[in-house]
**Student:** 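Below: one structure in structure tokens.
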There are 2 protein chains.
Amino acid sequence: MTAMTDPKPAPATKDSTAKGAVSAHMSAATQADHFRQVRRARETETIEDYVELIADLIDETGEARAVEVGRRLGVSSATVNKMVARLQQLDLVTAQPYRSIFLTDEGRAVAEKSRKRHHTIVEFLLALGISEKTAWADAEGLEHHCSEETLEAFERFSKTNNVGK
Amino acid sequence: MTAMTDPKPAPATKDSTAKGAVSAHMSAATQADHFRQVRRARETETIEDYVELIADLIDETGEARAVEVGRRLGVSSATVNKMVARLQQLDLVTAQPYRSIFLTDEGRAVAEKSRKRHHTIVEFLLALGISEKTAWADAEGLEHHCSEETLEAFERFSKTNNVGK
DNA sequence: AAGAATTGTTAGCCATGGCTAATAATCTCA
DNA sequence: TGAGATTATTAGCCATGGCTAACAATTCTT
Ligand SMILES: [Mn+2]
Ligand SMILES: [Mn+2]
Ligand SMILES: [Mn+2]
Ligand SMILES: [Mn+2]
């Protein structure tokens, strides 16, 4: 028995190209680069969220306890515990058993940077006319996927369009 | 020996609140909701990227072969294979061994929605003045973290600010 | 100071989404 | 048509980031 073959696909004519299709706009290599960038960003987003939150807790309440980190992240304290171990490996925090969590200098730097970026996004969304609720919700995800160039554009826009304030 | 205690943290006075700290703006429960939303978005983003790309390949070249999906995603074909199995479970694609990949109606719907959203973001970034290169790169990550409200605002903005063209 | 409540730790589980290496099927073309 | 090139599959590995349940330490309250 001879091998089955797919119906030979009509080799898309130029004008059958789907408008909006990403692949129509760049080479496979370029597209792959973009996906790789996104995957790299994904590796750090959890870390950024934890560190930023720890800084917030320290600055607002005087200390960061694992329970509270878990509460605000919507995650169990077992999960927080494991993550704190990783953050220690990465030299972003220090912690002793049963004590609260502290930021290293490096951790503090990551936190400040994340916090600033977070703030930039929220301000931008608000300047665009997004509701408070949505702005804060969307910013939590968007913040990890903005290049410097985009962040700068967002800042410029907010500066120009700071409606009421 | 009596239990060690942390140096009792100064219970942050109202004006020691770090400006920009997220926690200053909402309850723990609300913040946790936002983080949960982001985690839910993360669950679907890979699926959306695969399905959108499969649709692009079908529409542009007539068929979606795993090799090409891998090439454009920057991922091995073993990875594509495993993911295609998951997409089948989810009823988003159909595939027979050694044949190319097809979209189900549901898969096609997901693809169209993703493609439209992707397009919305790219147009928006371009309208904002971001370079082509950055716009396409950032959109690949941002697209998975925009609410309907934000997408609509982006569309309105692009419509109003369609610079050249 | 004891008991209760809270907080932290650990073990073991799971799904996701990557990878390499080995093998198998299909396709191309000389 | 058959050999070599391409493409697909499978097995087995790994890190990440969740979870529950059991238990341990600390802190609070009386
Ligand atoms: Mn943040
Ligand atoms: Mn975030
Ligand atoms: Mn997309
Ligand atoms: Mn994407």
Side-chain angles (χ1 to χ4, degrees), chain A residues 1-9 28 32 35-51 53-54 57 61 63-90 93 95-102 144, chain B residues 1-9 28 32 35-51 53-54 57 61 63-90 93 95-102 144:
Chain A
M1 178 193 302
T2 165
M4 253 188 287
T5 54
D6 276 338
K8 202 52 180 218
F35 282 116
R36 264 185 229 105
Q37 271 180 245
V38 175
R39 287 195 296 269
R40 196 163 325 121
R42 264 178 218 156
E43 285 172 19
T44 48
E45 52 187 325
T46 310
I47 289 167
E48 292 165 350
D49 284 339
Y50 273 84
V51 170
L53 176 53
I54 289 167
L57 292 173
T61 72
E63 64 175 348
R65 306 295 316 204
V67 196
E68 190 56 24
V69 172
R71 235 188 305 271
R72 302 198 85 101
L73 239 26
V75 131
S76 77
S77 54
T79 297
V80 173
N81 210 260
K82 230 192 332 182
M83 194 63 192
V84 167
R86 270 191 69 212
L87 297 176
Q88 280 185 276
Q89 295 287 317
L90 296 171
V93 309
Q96 288 90 46
Y98 297 100
R99 302 269 81 102
S100 70
I101 304 154
F102 297 90
H144 311 282
Chain B
M1 178 192 302
T2 163
M4 253 188 291
T5 53
D6 277 338
K8 200 54 182 218
F35 281 117
R36 264 184 230 106
Q37 272 181 244
V38 174
R39 287 196 295 269
R40 195 161 329 123
R42 264 177 219 156
E43 286 171 19
T44 47
E45 52 187 325
T46 310
I47 289 166
E48 292 164 348
D49 284 339
Y50 273 84
V51 170
L53 175 53
I54 289 167
L57 292 174
T61 72
E63 66 175 347
R65 304 297 315 203
V67 189
E68 190 56 24
V69 172
R71 237 190 301 273
R72 302 199 86 100
L73 240 24
V75 130
S76 76
S77 54
T79 297
V80 173
N81 208 260
K82 226 183 350 173
M83 194 61 192
V84 167
R86 271 191 69 214
L87 296 177
Q88 280 185 277
Q89 295 286 317
L90 295 171
V93 309
Q96 288 91 45
Y98 297 99
R99 301 267 82 100
S100 71
I101 305 155
F102 296 90
H144 311 283

**Student:** How many Å lie between CZ on R40(B) and C1' on dT16(C), as a whole number?
**Tutor:** 17 Å
**Student:** List in chain and number order the residues that pass salt bridge (Lys or Arg N to Asp or Glu O under 4.0 Å) with E45(A), two or more places apart in sequence or in another chain; answer none if no residue qualifies.
**Tutor:** R42(B)
**Student:** Among all residues two or more places apart in sequence or in another chain, which pass the salt bridge (Lys or Arg N to Asp or Glu O under 4.0 Å) test with R36(A)?
**Tutor:** D33(A)
**Student:** R65(A) has an atom CZ; how far is it from atom P of dA25(D), in whole Å?
**Tutor:** 16 Å
**Student:** Atom CD of E43(A) to atom C1' of dT16(C): distance rounded to whole Å?
**Tutor:** 14 Å
**Student:** Rounded to the nearest angstrom, tell me the gap between atom CD in E68(A) and atom P in dG8(C).
**Tutor:** 10 Å
**Student:** Does R99(A) put a side-chain nitrogen or oxygen below 4.0 Å from OP1 or OP2 of dG8(C)?
**Tutor:** no
**Student:** If the condition is side-chain hydrogen bond (donor to acceptor under 3.5 Å, both in side chains), which residues does T44(A) pass it with, not counting sequence neighbours?
**Tutor:** none
**Student:** Using the side chain to side chain contact (heavy atoms under 4.5 Å, CB included) rule, pick out the option among V69(A), D49(A), V80(A) that qualifies with I54(A).
**Tutor:** V69(A)
**Student:** Measure from CD on E63(B) to C1' on dA8(D) and round the result to the nearest Å.
**Tutor:** 13 Å
**Student:** For N81(A) and for Y50(B), find the nucleotide of DNA chain C with the closest heavy atom, then tell me which residue's nucleotide is more 5'.
**Tutor:** N81(A)
**Student:** Carefully, step by step, assess I101(B) and Y50(B) under the rule side-chain contact (heavy atoms from CB on, under 4.5 Å).
**Tutor:** CA-CA 11 Å; I101(B) 305 155; Y50(B) 273 84; over 6 Å; no
**Student:** Quick one: side-chain hydrogen bond (donor to acceptor under 3.5 Å, both in side chains) partners of T79(B), sequence neighbours excluded?
**Tutor:** S76(B)
**Student:** Kindly point out which of dG18(C), dG18(D), dG8(C) is positioned nearest to the side chain of T46(A)?
**Tutor:** dG18(D)
**Student:** For E68(B), what residues pass the salt bridge (Lys or Arg N to Asp or Glu O under 4.0 Å) criterion, not counting sequence neighbours?
**Tutor:** R71(B), R72(B)
**Student:** Reading nucleotides 19-24 of chain D from the 5' end, what letters show protein touch, with B for base, S for backbone sugar-phosphate only, - for no heavy atom under 4.0 Å?
**Tutor:** BB---B
**Student:** Just the rounded figure in Å: distance from P of dG18(D) to CE of M83(A).
**Tutor:** 7 Å
**Student:** Could you tell me how far apart D49(A) (CG) and dT16(D) (P) are, to the nearest whole angstrom?
**Tutor:** 16 Å
**Student:** Among the nucleotides dG18(C), dT9(D), dT7(D), which one has an atom lying closest to any side-chain atom of R42(A)?
**Tutor:** dG18(C)
**Student:** Whole angstrom is fine here: how far is it from CD in E48(B) over to P in dT16(C)?
**Tutor:** 15 Å
